[in-house]
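Input: a single structure, listed below in structure tokens.
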Amino acid sequence: MKNNAKLKIAAIGDIHVDISSQGKYVPLFEELSQKADILLLCGDITDRGLPEEAHILVHDLASLTIPVVGVFGNHDFESGKTDEVKDIFRQSKLRILDGTYYVFRDVGFAGVKGFGGGFENHMLEPWGESTIKDFVHEAVNEALRLETALSKLETEKKVVLLHYTPIPETAEGEQKEIYPFLGSSRLMNPINLYSATAVFHGHTHYGKPKGQTSKGIPVYNVSLHMLRKINPEQPYIIVEV
Ligand SMILES: [Fe+2]
Ligand SMILES: [Fe+2]
């Protein structure tokens, strides 16, 4: 491929692989191997964060012939076996980004899970009870880890993977009452600071597919549930960068 050729990025979030999913994603992975150069999995990769679920995905990923990069989502933490799940993925072709980065051709990928806390003027502030402060610190920490990963990228094109959304726009369609649990504006700062090329996230199963940061950087919600409703034949997006 020539240096100036664009990279075709396929992205899906919330595949929620469970113990009954064996073989479920094989046709999709075969299709994406033909249509894209790299696949991003934007969290909630497993349904309950069980090693058995991770093994099922690894089995299905044998049908994928392009690189695959992902971040964990909240569901991947449910069983408290994240380290075990990480180890299973480490021995497979799926590379998990967790405040880390990956470079493929001329594009750098930086990823973290992210966290909630709400948006813009309505963000939760670190004030009052220590549990509230801990909640806010988790979002601040995730934003800092994303900033660190982005700062290490020397590529001009920088793609961000998240599970939680950095903007409220792609959450539109969800109940307003749960917005604080869907993402945090704190995640948007490093994206703007490093002029990322594009951002992909999941988690907002009932949101809308596209929005942008305050600096105009495109943000794609790639939650499988939402994409399936838009087009059952193509439950993924492909973006060229
Ligand atoms: Fe999900
Ligand atoms: Fe989620």
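Each ligand, and each atom within it, is numbered from 1 in the order the structure gives. Values below: every heavy atom of this structure, side chains too, minus hydrogens, waters and symmetry copies.
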> So, are Asp98 and Arg145 salt-bridged, with charged N and O less than 4.0 Å apart?
Replying inline: yes
> Does a side-chain N-to-carboxylate-O contact under 4.0 Å join Lys113 and Glu138?
Replying inline: yes
> Where the Fe ion (ligand 2) is the centre, what is the NE2-to-OD2 angle for His163 and Asp44, rounded to 10°?
Replying inline: 90°
> Got an N, O or S from His75 under 2.8 Å of the Fe ion (ligand 1)?
Replying inline: no
>> Within 2.8 Å of the Fe ion (ligand 2), is there any N, O or S atom belonging to His203?
In response: yes
> What do the steps show when you test Lys157 against Asp106 for salt bridge (Lys or Arg N to Asp or Glu O under 4.0 Å), and what is the final call?
Replying inline: CA-CA 7 Å; Lys157 298 174 191 171; Asp106 63 338; 3.2 Å; yes
> Does the pair Lys208/Glu169 count as a salt bridge with the N-to-O cut at 4.0 Å?
Replying inline: yes
> From the Fe ion (ligand 2) out to just under 2.8 Å, does an N/O/S atom of Asn74 turn up?
Replying inline: yes
> At the Fe ion (ligand 1), what angle lies between atom NE2 of His205 and atom OD1 of Asp14, rounded to 10 degrees?
Replying inline: 90°
> Are Asp83 and Lys86 within salt-bridge range, i.e. N to O under 4.0 Å?
Replying inline: no
